[in-house]
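The residues of the chain are indexed from 1 along the displayed sequence.
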Amino acid sequence: MNENLFASFATPTMMGLPIVILIIMFPSILFPSSNRLVNNRLISIQQWLVQLTSKQMMAIHNNKGQTWTLMLMSLILFIGSTNLLGLLPHSFTPTTQLSMNLGMAIPLWAGTVFMGFRHKTKAALAHFLPQGTPIFLIPMLVIIETISLFIQPVALAVRLTANITAGHLLIHLIGGATLALMNISPSTALITFIILVLLTILEFAVAMIQAYVFTLLVSLYLHDNT
């Protein structure tokens, strides 16, 4: 209980050097590619899930939008595997760092916006001024729509950071309370342990849902600009 509550969110180092890059690259090992004619069950399930997700997510896109399929599938696999690995004891979750999430959100958002201005210039500019707007409201609406446009990547990053961080903090607090109550009130400690198990199961679901939501919102931004 004397451990700093936010110690698990500190950037891990080895011999004084940060090892975040190695941690970020580690999830790629979990998705091996097979060169066999007949895949094993694990790779078959993996490919089936990827195909199911890609069909559902890319069904609304035209040919230009579907060129992003590989990038979006790589994104959801990376965020999902990183979130799940972060639930392991004494592990580090890169998606709890706002700087990393902004580093993913801003380039993807900027790419969709640039595609919109390149291929649908009139439609992209029309978003800043809805049809039928009174003349005296035009400057205010242009400012509001511009601010809302630039808030999109920040909202993406903050949503992912807040949800993953909140879950880790709850697990840390309830786990610490369970250890403290074991010698004081075993019955209460049992109740908190059950809550901890249920919360951990919920966090596994949240880890996958947040990866899907992040990728789905990027997909929707892409759909609006293609």
Mind checking whether V218 and L222 have side chains closer than 4.5 Å, heavy atoms only? no
Would a 4.5 Å heavy-atom cut-off, applied to side chains only, mark T112 and W68 as touching? yes
Treating Ile, Leu, Val, Met, Phe, Trp and Tyr as nodes and any side-chain heavy-atom pair under 4.5 angstrom as an edge, say whether [X] and [Y] lie in one connected cluster.
{"X": "L75", "Y": "L77", "result": "yes"}
{"X": "L72", "Y": "L216", "result": "yes"}
{"X": "I209", "Y": "F78", "result": "yes"}
{"X": "Y221", "Y": "L102", "result": "no"}
{"X": "L156", "Y": "I151", "result": "no"}

In the hydrophobic cluster built from side-chain contacts under 4.5 Å, what are the other members alongside [X]?
{"X": "M182", "result": "L179"}
{"X": "V197", "result": "F193, I201"}
{"X": "L199", "result": "L84, L87, L170, I171, I174, I191, I195, L196, L202, F204, V206, M208"}
{"X": "I144", "result": "M140"}

Working to the nearest 0.5 angstrom, can you tell me the gap between [X] [atom1] and [Y] [atom2]?
{"X": "Y212", "Y": "I76", "atom1": "OH", "atom2": "CD1", "result": "7.0 Å"}
{"X": "L160", "Y": "N101", "atom1": "CG", "atom2": "CG", "result": "4.0 Å"}
{"X": "K55", "Y": "T69", "atom1": "NZ", "atom2": "OG1", "result": "12.5 Å"}
{"X": "I164", "Y": "N83", "atom1": "CD1", "atom2": "CG", "result": "4.0 Å"}

Any chance you could lay out the side chain to side chain donor-acceptor pair (under 3.5 Å) test for T93 and H168, step after step, and finish with the verdict? CA-CA 9 Å; T93 312; H168 283 35; 2.9 Å; yes
Does the S148 side chain pair with the main chain of E145, one donor and one acceptor, at a distance under 3.5 Å? yes
Please answer whether the main-chain N or O of L181 pairs with a side-chain N or O of S185 as donor and acceptor at a distance below 3.5 Å. no
Residue list, side chain to side chain contact (heavy atoms under 4.5 Å, CB included) with [X], at least two apart or on another chain:
{"X": "N163", "value": "R159, Q210"}
{"X": "I194", "value": "L190, L198"}
{"X": "L70", "value": "S74"}

Who passes side chain to side chain donor-acceptor pair (under 3.5 Å) against [X], sequence neighbours left out?
{"X": "T146", "answer": "none"}
{"X": "T215", "answer": "none"}
{"X": "T192", "answer": "T178"}

Looking only at heavy atoms, the pair that brings T82 and P94 closest together is CG2-CD, 3.2 Å
Show every donor-acceptor pair shorter than 3.5 Å between a side-chain atom in residues 57-65 and any protein atom, with sequence neighbours excluded, or say none if there are none.
unit_1	atom_1	unit_2	atom_2	d
H61	NE2	S219	O	3.4
H61	NE2	S219	OG	2.6
N62	OD1	K64	N	3.2
N62	OD1	G65	N	2.9
K64	NZ	H119	ND1	3.2

Check residues 103-110 and write down every donor-acceptor pair under 3.5 Å in which the side-chain atom is one partner and the other belongs to a residue at least two apart or another chain.
unit_1	atom_1	unit_2	atom_2	d
W109	NE1	L149	O	3.3
W109	NE1	Q152	OE1	3.1

